[in-house]
Protein chains: 2
Amino acid sequence: MKIGQRRSKQRELILEELKALTCHPTADELYEIVRKRLANISLGTVYRNLDLMASTGIILKIESGGKNRFDGNAMPHPHLRCTECGKVEDIMFDVNLPTPSELEANGYEVTGCTIEYYGICPNCKTCC
Amino acid sequence: MKIGQRRSKQRELILEELKALTCHPTADELYEIVRKRLANISLGTVYRNLDLMASTGIILKIESGGKNRFDGNAMPHPHLRCTECGKVEDIMFDVNLPTPSELEANGYEVTGCTIEYYGICPNCKTCC
DNA sequence: TTCCGTGCAAACCCTTTGCACCTTT
DNA sequence: AAAGGTGCAAAGGGTTTGCACGGAA
């Protein structure tokens, strides 16, 4: 998978750290993590590379009303979001949905599908 | 279903206009619509009431990285989003997903689920 | 009369972007 | 040397919020 036109230490580091995580960090959370290994990286660069990698399909961008989150596992799979703290976890279910091709009757060229459960995570349940 | 503590002409009008639509407008689109009947309503009021009604479950807030959209039909149902123009449509499929209660093993109190297909709508396909 | 809801505009916050410099090819 | 990628900081865009006023109960 080709990412940009040239390699960059920043991009490789961002991808490496994201893939090492099982959680789904926001851009600024990942920025803080990457900063420990490349002190003067900028937040703008993190945003640029995350968007670039998401658009080439190497990673997943999990959009939301608040801060977006990113998933190093690009295989489509359902998520579970806490509506209190915004945290997103993976769900292990295999889900059978109508395949995108069935939907093209609407005239859409369907490229993917998102499944997201939401609720309140154990941590937010106890402290509120 | 109780909404606020008191009735307000603004809130009733916003809800009425949203329910009359089959599309899923953004806050500012709905603001423009409502303004035709209540010229000096403010965008802030539209935001406040949409959030209030979404939090009580009367309407659906469809979140996204860009502008959020709102759905007058609070019955959960899948959506189809155009990644070019952001427009959201309903899908008529009945989908069988594991019920939220099956997920509470994660310790979450699950309150709902979103299913969203995405792709490029017929209109954006022809003009780009 | 009470105090919730509103209009207005400024503030907020996440994200994007312009520009000069650095790095990869 | 050419030109993509970066750091920095400012701009952008959607949404929220403080405040004084208006209106429902």
Side-chain angles (χ1 to χ4, degrees), chain A residues 1-18 24-56 58-70 81 83-88, chain B residues 2-18 24-56 58-70 81 83 85-88:
Chain A
M1 170 74 67
K2 181 100 181 282
I3 306 187
Q5 272 95 326
R6 302 177 183 178
R7 6 180 343 267
S8 95
K9 190 187 194 91
Q10 288 85 342
R11 180 154 54 234
E12 286 169 0
L13 192 51
I14 290 166
L15 183 57
E16 181 186 331
E17 290 290 354
L18 179 58
H24 306 325
T26 59
D28 57 302
E29 284 167 354
L30 195 51
Y31 167 63
E32 290 303 333
I33 292 168
V34 169
R35 221 139 80 96
K36 290 177 186 152
R37 292 177 57 191
L38 194 62
N40 68 335
I41 194 174
S42 77
L43 181 57
T45 293
V46 174
Y47 271 107
R48 273 189 289 240
N49 279 302
L50 286 173
D51 276 350
L52 177 62
M53 294 189 288
S55 70
T56 59
I58 294 180
I59 65 173
L60 239 45
K61 183 176 188 174
I62 308 172
E63 303 200 355
S64 76
K67 301 183 185 179
N68 297 322
R69 289 172 174 270
F70 296 87
R81 177 196 302 273
T83 52
E84 294 297 314
C85 65
K87 196 178 56 185
V88 174
Chain B
K2 181 99 183 281
I3 307 187
Q5 272 94 327
R6 302 178 182 177
R7 3 182 342 267
S8 97
K9 189 188 193 92
Q10 288 85 344
R11 181 154 54 233
E12 285 168 0
L13 193 51
I14 290 166
L15 183 57
E16 181 186 329
E17 290 290 354
L18 179 58
H24 306 324
T26 58
D28 57 301
E29 284 167 354
L30 195 52
Y31 167 63
E32 289 303 333
I33 291 168
V34 169
R35 220 139 80 98
K36 290 177 185 152
R37 291 176 58 191
L38 194 61
N40 68 335
I41 194 174
S42 78
L43 182 55
T45 293
V46 173
Y47 272 106
R48 273 189 288 239
N49 280 302
L50 287 173
D51 276 350
L52 176 62
M53 293 188 288
S55 70
T56 59
I58 295 180
I59 66 174
L60 240 47
K61 183 175 187 174
I62 307 171
E63 303 200 354
S64 76
K67 300 183 186 178
N68 297 322
R69 288 171 176 271
F70 297 87
R81 177 195 303 273
T83 52
C85 66
K87 195 178 56 186
V88 174

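Note on naming: letters A, B, ... go to the chains in the order of the sequence lines (proteins, then strands), and numbering restarts at 1 for each one. Here the structure is a predicted model, which means the values were calculated and not measured.
- The nearest whole Å value for the distance from the CG atom in A:L50 to the C1' atom in D:dT6 is 15 Å.
- Candidate nucleotides D:dC8, D:dG18, C:dT24 were compared by shortest atom distance to the side chain of A:R48, and D:dC8 ranks first.
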Query - Test log, rule salt bridge (charged side-chain N to carboxylate O under 4.0 Å, His left out), inputs B:E29 and B:K67 - result: CA-CA 11 Å; B:E29 284 167 354; B:K67 300 183 186 178; over 6 Å; no
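- Residue B:Y47 places none of its side-chain N or O atoms closer than 4.0 Å to OP1 or OP2 of D:dT16.
- Note on B:N68: a side-chain N or O is less than 4.0 Å away from OP1 or OP2 of D:dT15.
- Counting only heavy atoms from C-beta on, B:L43 has its side chain closest to D:dT15 among D:dA24, D:dG18, D:dT15.
- Here the straight-line distance linking atom CD of B:E63 with atom CG of A:N68 works out to 10.5 Å at 0.5 Å rounding.
- Between B:E63 atom CD and D:dG14 atom C1' there is a gap of 13 Å when expressed in whole angstrom units.
- Out of C:dT15, C:dG5, C:dT6, the shortest distance to the side chain of B:T45 is found at C:dT6.
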Report task. Decide side chain to side chain contact (heavy atoms under 4.5 Å, CB included) for B:N40 and B:R35; before the verdict, give the C-alpha distance in whole Å, the side-chain angles of both, and the deciding distance to 0.1 Å. Result -> CA-CA 7 Å; B:N40 68 335; B:R35 220 139 80 98; over 6 Å; no
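- Between B:K61 and B:L50, the closest side-chain pair of non-hydrogen atoms is not below 4.5 Å.
- Residue contacts shown for A:D28 are absent, as no nucleic acid heavy atom lies under 4.0 Å away.
- The NZ atom of A:K2 sits 14 Å away from the C1' atom of D:dG5 (whole-angstrom rounding).
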Report task. Go through B:E12 and B:K9 one step at a time and tell me if the salt bridge (charged side-chain N to carboxylate O under 4.0 Å, His left out) criterion holds. Result -> CA-CA 5 Å; B:E12 285 168 0; B:K9 189 188 193 92; over 6 Å; no
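- Using a 4.0 Å cutoff on non-hydrogen atoms, the parts of residues 7-17 of chain B near DNA chain C are B:S8, B:Q10, B:R11, ordered by number.
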Query raised in the report: Run the side chain to side chain contact (heavy atoms under 4.5 Å, CB included) check on B:I58 and B:L15 step by step: do they pass?
Result: CA-CA 9 Å; B:I58 295 180; B:L15 183 57; 3.9 Å; yes
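- Distances shown here put a side-chain N or O of B:Q5 below 4.0 Å from the OP1 or OP2 atom of C:dG5.
- Using a distance-only test at 3.5 Å, with no hydrogens or angles considered, no donor-acceptor pair links the side chain of A:R69 to the main chain of A:S64.
- Note on A:G4: only backbone sugar-phosphate atoms sit closer than 4.0 angstrom, heavy atoms only; bases stay farther off.
- Note: CD1 (A:I3) to C1' (C:dT24) measures 15 Å, nearest angstrom.
- A:R6 has its CZ atom 10 Å from the P atom of C:dT24, to the nearest Å.
- Salt-bridge check for B:E16 with B:R37: passed, with a basic side-chain N closer than 4.0 Å to an acidic carboxylate O.
- DNA chain C is contacted by no residue of residues 29-42 of chain A, taking any non-hydrogen atom closer than 4.0 Å.
- Between B:M53 and B:R11, the closest side-chain pair of non-hydrogen atoms falls below 4.5 Å.
- The listed nucleotides are C:dT2, C:dT15, D:dT15; the one nearest the side chain of A:A27 is C:dT15.
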